[in-house]
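These figures come from a predicted structure and were not determined experimentally.
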Amino acid sequence: MYVVIRIKPDSMCEGLHLVPGEIPADLRDAASRLGINIQPMHPGVTDPTLASYFYVETPDQPTADRVIGQLQQLKSVEAAFLKPPEGPP
């Protein structure tokens, strides 16, 4: 299961000045506390919109729910949600 994370544009993060693909400090700290490894969804891109997406792989639904709940409370996170399954419904 994958949790998708979108960080807020730097203008919305009150003083955070990030380069594309950089993980904000509060998100890095939360990842450390939760024991998760945040990865860029589009590594190496310079487009600020694409660079604002990250993901975390979780082993199960309860872990994903816990991670989402914690990340949604962060100042730098605009959205955190479970990636929908691929393929036809």
Q: Would you name the heavy atoms of K75 and K8 that are closest together and state the gap between them?
A: O-NZ, 3.1 Å
Q: Side-chain contact test, heavy atoms from C-beta onward, threshold under 4.5 Å: evaluate it for L34 versus L71 and give yes or no.
A: yes
Q: Please examine the side chains of E57 and Y2, heavy atoms only from C-beta on, and report whether any two atoms are closer than 4.5 Å.
A: yes
Q.
Tell me every residue that passes salt bridge (Lys or Arg N to Asp or Glu O under 4.0 Å) with R66, counting only those two or more places apart in sequence or in another chain.
A. none
(Q) Just verifying a value: how many Å separate L27 CG and L74 CG, rounded to the nearest 0.5 Å? (A) 6.0 Å
Q) Is there a chain of hydrophobic side chains (I, L, V, M, F, W, Y, each step under 4.5 Å between heavy atoms) that links M41 to V56? A) no
**Q.** Pairing residues for Y53 by the ring pair (Phe, Tyr, Trp, His ring centres under 6.0 Å) criterion, not counting sequence neighbours
**A.** none
Q | Between CD1 on residue I5 and NZ on residue K83, distance to nearest 0.5 Å | A | 14.0 Å
Q | Minimum-distance pair of heavy atoms, taken over all atoms of T49 and R6 | A | O-NH1, 3.7 Å
Q | Same cluster (ILVMFWY, side-chain, under 4.5 Å), Y55 and I36 | A | no
(Q) If you compare all heavy atoms of A51 against all heavy atoms of V45, which two are closest, and at what distance to 0.1 Å? (A) N-CG2, 3.7 Å
Q. In terms of hydrophobic clusters joined by side-chain contacts under 4.5 Å, are I68 and V4 together?
A. no
Q. When rounded to the nearest 0.5 angstrom, what distance separates CE in M1 from OG1 in T63?
A. 9.5 Å
Q) What residues, two or more places apart in sequence or in another chain, satisfy side-chain hydrogen bond (donor to acceptor under 3.5 Å, both in side chains) together with T58? A) none
